[in-house]
Amino acid sequence: MIRIIPMLIFFICSSTGGEIAMTYGMKRVGEPESFRPMALLRFLGKAMTNGRVWLALPLLAASFYSLLILLSWAPISLVIPASASNYVVGTLGAKYLLKEDVTAKRWMGVLLVCAGVVLVLITG
Amino acid sequence: MSHEHRLRLKTLIMVLLMVVCANTGDLMLKRGMSQIGEVTISFSGLLQALVSTIHNGTIWIGILFLIGFTLSYMTAVSWADYSYVMPAGAFGYAIQTTLAVVVLHEVVTPRRWIGVAMICVGVLLVGQTKPNTTDPNSGLGSDQVSP
């Protein structure tokens, strides 16, 4: 458990950081004009010129790699439920970085996820 | 068959596909990593693990299933409400734990089951809130969507 918790924290931070950077970047890029192949290629090209997207890609790659490391160390019945902590960090990031309104109901959900993750981890 | 029935049926099929792809993908990743063995945290250990994962077919099958999950998820939310599709993500934690017991023969204690149930309810509550709370023209802000 000593090595699992720091790796889990790394996984959560890199995946949430990557998702927030990707959201921020893609909001700047905007929607594709259409779903035709050429329009999608132009959209991809535009996304690739955005710095936030380039920040997101290594973070998401690091999160996937850390998930693989976690799966090599611990049972999947511990790793996957514990990865739900994403919702907690994601909600904090959404509130403070993306300036979204977070309702009481959502905070309640986040608290339940926290409690559930703690229960899952202490049985590991 | 009415338009509403057809819509319900194709959403149900897409949600089932999402659940199958996500859970099979994660199971394949676990199986692949079990074949590779424990990763050691050192420069050579991480490099060796990276090379092993690139050469492991089971990991690639897992990645393909996870791509399948992303595509079916994107397709489902293109016509169905996020709040309708989202519970599949919440119950995925319970299904994954059940599969871990049945397929991988992992031991799950009652306390861990309670934890998984709390996570499912928590994720369900998060998903039932408004999916967009900011001005879309501000350049920032709808909720991030986690599977």
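Proteins come first, then strands; the chains are lettered A, B, ... in the order of their sequence lines, and each starts at number 1.
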Contact origin within B:Leu29 toward chain A - heavy atom pairs under 4.5 Å: both
Most chain B-contacting option - heavy-atom pairs closer than 4.5 Å, from A:Leu68, A:Val113, A:Ile69: A:Leu68
Hphob cluster co-occupancy, B:Met18 + B:Val20, side-chain heavy atoms under 4.5 angstrom: no
A:Ile76 side chain reached by B:Gln96 side chain, heavy atoms, under 4.5 Å: yes
Quick one: side chains of residues 39-52 of chain B, donor-acceptor pairs under 3.5 Å with protein atoms, not counting sequence neighbours, listed by atom name and distance.
{"unit_1": "B:Ser42", "atom_1": "OG", "unit_2": "B:Gly45", "atom_2": "N", "d": "3.0"}
{"unit_1": "B:Ser52", "atom_1": "OG", "unit_2": "B:Gln48", "atom_2": "O", "d": "2.8"}

Max heavy-atom pair count under 4.5 Å with chain B, selected residue of A:Val118, A:Val110, A:Ile80: A:Ile80
Heavy-atom contact with chain B under 4.5 Å, split by part of A:Ala74: backbone
Over all atoms of both residues, closest heavy-atom pair of B:Val116 and A:Pro81: CG2-CG, 3.9 Å
Contact origin within B:Val108 toward chain A - heavy atom pairs under 4.5 Å: side chain
Heavy-atom contact with chain A under 4.5 Å, split by part of B:Ser34: neither
Interchain contact, A:Leu70 with chain B, by part (heavy-atom threshold 4.5 Å): neither
Worked verdict on B:Arg111 versus A:Ile122 for side chain to side chain contact (heavy atoms under 4.5 Å, CB included): CA-CA 9 Å; B:Arg111 204 189 277 183; A:Ile122 59 172; 3.6 Å; yes
Contact class of A:Met22 relative to chain B, heavy atoms under 4.5 angstrom: neither
Nearest non-hydrogen partners of B:Tyr93 and A:Ser83, listed with the distance: CE2-OG, 4.2 Å
Cluster link B:Trp113 to B:Val102, ILVMFWY, side chain under 4.5 Å: no
A:Arg3 atom CZ, neighbour heavy-atom count above 12 within 6.0 Å: yes
Side chain to side chain, B:Ile36 and A:Ser72, heavy atoms closer than 4.5 Å: no
Whether B:Lys30 side chain and A:Leu71 backbone form a donor-acceptor pair below 3.5 Å: yes
Verify same cluster id: A:Leu78, B:Val101 (apolar side-chain graph, 4.5 Å): no
Shared hydrophobic cluster, B:Leu66 / B:Val103 (ILVMFWY, side-chain heavy atoms < 4.5 Å): yes
Residue B:Leu27 versus chain A: region with a heavy atom under 4.5 Å: both
Heavy-atom side-chain contact between A:Leu119 and B:Met118 under 4.5 Å: yes
Contacts of B:Glu106 that satisfy side chain to side chain donor-acceptor pair (under 3.5 Å) - sequence neighbours left out: A:Ser77
ILVMFWY network linking A:Leu57 to A:Phe11, side-chain heavy atoms under 4.5 angstrom: no
